[in-house]
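First comes the structure, then the notes that go with it.
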Amino acid sequence: MEVLVTGGLGFIGSHTVVELLEDGYQVVVIDDLSNSSIDVVDKIKEITGKDFVFYQKNVCDLDALDMIFQKHSIQAVLHFAGYKAVGESVQKPILYYENNLLSTLHLCQKMLEYGCYKFIFSSSATVYGDPEVLPLTEKCKVGGTTNPYGTSKFMIEQILKDIHVSNPKFTPVILRYFNPIGAHPSGYLGEKPNGIPNNLMPYIVRVASGELEILSVFGDDYDTPDGTGVRDYIHVVDLAKGHLCALKKALGEDGVFVYNLGTGCGYSVLDLVHNFEKVNGVKVPYKIVDRRPGDIASCYADPSLALQELGWKAELGLEDMMRDSYRFILKQNEK
Ligand code: WQD
């Protein structure tokens with residue numbers, strides 16, 4: 001069975017392509033390399049020993065989508081392609097809304113034209129905004145987003161529900177990621193943001209490897225156990241496996257489905273720093289600085305619905321995430 005993976009060379013997309021290939025799916029990847037690199041194609045083939053089709057195209061390109069749907073019998077789409085830097089989205093809202101919304105609208109338009117109805121969407125816990133209650137369930141209020149990135153995800157969730165109303169065969173499975181970190185245990189795939197990392201984990205690993213001098217901890221005066229921000233970190237391989245369970249669900253029935261993909265455990269910034277140091281036997285120097293504007297104190301999932309309906313739950317723990325993240329950066333630096 002052929003599935004189309006947009007953004008399939010990116011951090012989460014590439015890990016999901018590995019799991020899809022290992023589960024026997026035939027994979028077609030479309031990626032414009034705006035936030036990924038071409039060497040990931042060979043890395044995926046090396047890990048899995050399997051081949052797949054890759055098109056260096058932009059998902060907004062209607063002709064490219066026509067070509068793919070005409071050449072391949074696509075039974076489902078996993079849609080990862082999109083801009084995802086929160087801070088950048090505040091500076092460049094038009095770019096974010098145009099890219100994230102238009103790519104999805106064109107993709108859905110072509111899917112319906114070619115009779116492909118199964119759509120797995122990469123959404124985000126950001127759609128919950130600042131949580132009123134914790135842990136977050138899928139029934140919690142959404143829409144209080146505080147940046148164009150999160151708002152674009154919220155808007156797309158609404159668009160997908162509206163398309164289902166217009167055509168009940170169209171089946172979106174909306175996956176709200178919490179904080180994906182870690183790397184494939186082979187060390188061949190991982191998170192490689194361009195430039196200075198915005199997110200915590202890529203910053204920690206670069207301080208540990210000596211590439212960056214010191215970690216700035218954005219505030220230690222939150223209402224949390226140690227005053228630093230608490231998040232639900234989930235191993236990217238667990239997240240990838242969640243997509244396979246979501247795909248099987250979509251292939252089995254029509255409807256609209258929404259799931260939190262998190263571990264249900266909240267860890268603070270200093271929890272990660274101390275755990276990383278213990279697991280990898282390295283120091284991560286840090287300093288406490290002011291809060292980052294727009295940050296919330298705590299956010300973690302109630303992932304029980306995904307277990308109940310998808311038979312999925314995260315298996316890997318914080319130590320796996322710390323070890324795998326560091327192995328990846330060390331392999332990168334070996335080159
Ligand atoms: C985590 C914690 C920071 C960097 C973002 C997006 C979200 C999702 C995941 C896409 C917070 C603290 C961070 C640093 C720090 N992405 N921190 N020093 O903000 O929870 O979520 O990434 O879906 O949409 O919003 O992740 O890693 O940036 O921050 O102290 O240098 O680490 O304050 O408490 P965040 P993050």
Side-chain angles (χ1 to χ4, degrees), residues 7 10-13 35 79-90 96 100 121-131 134 136 142 144-157 174-182 191 193 195-208 211-236 239 242-243 260-263 265-276 284-301 318 321-322 325:
F11 176 41
I12 301 162
N35 193 21
H79 183 33
F80 296 95
Y83 296 153
K84 61 169 185 174
V86 169
E88 184 184 50
S89 78
V90 174
Y96 267 68
N100 291 2
F121 175 58
S122 164
S123 190
S124 166
T126 314
V127 302
Y128 291 113
D130 192 349
L134 287 172
L136 284 160
V142 292
T145 48
T146 57
N147 57 76
Y149 159 76
T151 305
S152 74
K153 291 293 186 181
F154 172 64
M155 288 174 167
I156 293 168
E157 289 195 9
I174 293 165
L175 302 177
R176 292 174 180 162
Y177 306 164
F178 281 71
N179 287 59
I181 63 170
E191 195 171 5
I196 303 290
N198 294 306
N199 296 132
L200 177 62
M201 205 54 220
Y203 209 104
I204 286 178
V205 295
R206 280 163 181 73
V207 170
E211 194 181 323
L212 296 171
E213 189 195 342
I214 188 167
L215 170 71
S216 297
V217 175
F218 296 146
D220 66 349
D221 57 351
Y222 286 103
D223 181 16
T224 62
D226 64 15
T228 63
V230 168
R231 298 289 185 273
D232 184 331
Y233 297 95
I234 177 170
H235 197 296
V236 63
L239 195 60
H243 285 74
N260 287 338
L261 293 192
T263 65
C265 302
Y267 288 107
S268 75
V269 176
L270 293 182
D271 286 333
L272 262 66
V273 169
H274 298 143
N275 201 280
F276 188 95
V284 178
Y286 67 86
K287 60 184 176 184
I288 306 294
V289 300
D290 291 339
R291 293 183 176 191
R292 178 172 63 178
D295 270 355
I296 57 180
S298 296
C299 178
Y300 51 92
L318 197 64
M321 299 179 219
M322 300 298 106
S325 302

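Given the structure is predicted, the values throughout are model-derived calculations rather than measurements. Starting from 1, each residue takes its place in the sequence as its number. What's counted below: heavy atoms across the whole structure, side chains too, no hydrogens, waters or symmetry copies. Every number for a ligand or one of its atoms is a count from 1 in the order of the listing.
Residue contacts with ligand 1 for S216 involve N, CA, C or O but no side-chain atom from C-beta outward (heavy atoms, distance under 4.0 Å). Contacts of N198 with ligand 1, taken as heavy-atom pairs under 4.0 Å, involve the backbone alone.
Of the candidates T126, L261, L136, L136 is the only one forming a side chain to side chain contact (heavy atoms under 4.5 Å, CB included) with F178. Screening L200, V269, V289 for a side chain to side chain contact (heavy atoms under 4.5 Å, CB included) with V217, the sole residue that qualifies is V269. Put simply, the residue from E211, E213, E191 that forms a salt bridge (Lys or Arg N to Asp or Glu O under 4.0 Å) with R206 is E211.
Of all the listed residues (F218, F11, Y233), Y233 holds the heavy atom that lies closest to atom 1 (C) of ligand 1. Compare Y286, Y177, F178 by their heavy atoms: the one nearest to atom 8 (C) of ligand 1 is in F178. Closest to atom 23 (O) of ligand 1 by heavy atom, among Y267, Y222, Y149, is Y149. Among I181, N199, V289, the residue whose heavy atom lies nearest to atom 5 (C) of ligand 1 is N199. For the residues K84, M201, R231, the heavy atom positioned nearest atom 20 (O) of ligand 1 is part of R231. Across the listed options R292, R176, K153, R292 owns the non-hydrogen atom lying nearest to atom 28 (O) of ligand 1.
Applying the 4.0 Å criterion to heavy atoms of D295 picks out, from ligand 1, the atoms 3 (C), 33 (O). With ligand atoms numbered from 1 in the order given, ligand 1 contributes 6 (C), 25 (O) to contacts under 4.0 Å with heavy atoms of V86. Taking every heavy atom of V217 and a limit of under 4.0 angstrom, the matching atoms of ligand 1 come to 30 (O). If you number the atoms of ligand 1 from 1 as listed, the ones under 4.0 Å from a heavy atom of T126 come out as 7 (C), 24 (O). The ligand atoms of ligand 1 that sit less than 4.0 angstrom from a heavy atom of S124 are 23 (O), 24 (O).
When every heavy atom of G82 is checked against every heavy atom of N100, the shortest pair comes out as CA-OD1, 3.4 Å. Here the shortest heavy-atom pairing between T263 and Y233 reads CG2-O, 3.3 Å. Nearest approach of V127 to G150, heavy atoms of both residues: CG1-O, 4.1 Å. In terms of heavy atoms, V230 sits closest to P225 at CG2-CD, 4.4 Å.
Using bins of under 30°, 30° to 60° and over 60° for the plane-to-plane angle, the ring pair Y149/Y96 lands in the perpendicular bin.
Considering only heavy atoms from C-beta on, I12 stays 4.5 Å or farther from S122 through its side chain. The closest side-chain heavy-atom distance from I234 to Y177 is not below 4.5 Å.
The shortest contact between atom 21 (O) of ligand 1 and any protein heavy atom is with N179 ND2, 3.7 Å. From the protein, the heavy atom lying nearest to atom 34 (O) of ligand 1 is G229 CA, 3.5 Å. Nearest to atom 12 (C) of ligand 1 among the protein's heavy atoms is V269 CG2, 3.7 Å.
Counting only distance, with no hydrogens or angles, the side chain of D220 and the backbone of T228 share no donor-acceptor pair below 3.5 Å.
Close N/O approach between L200 and ligand 1 is found [any backbone or side-chain N/O within under 3.5 Å]. For ligand 1, the polar-atom distance check against Y203 finds no nitrogen or oxygen pair separated by under 3.5 Å.
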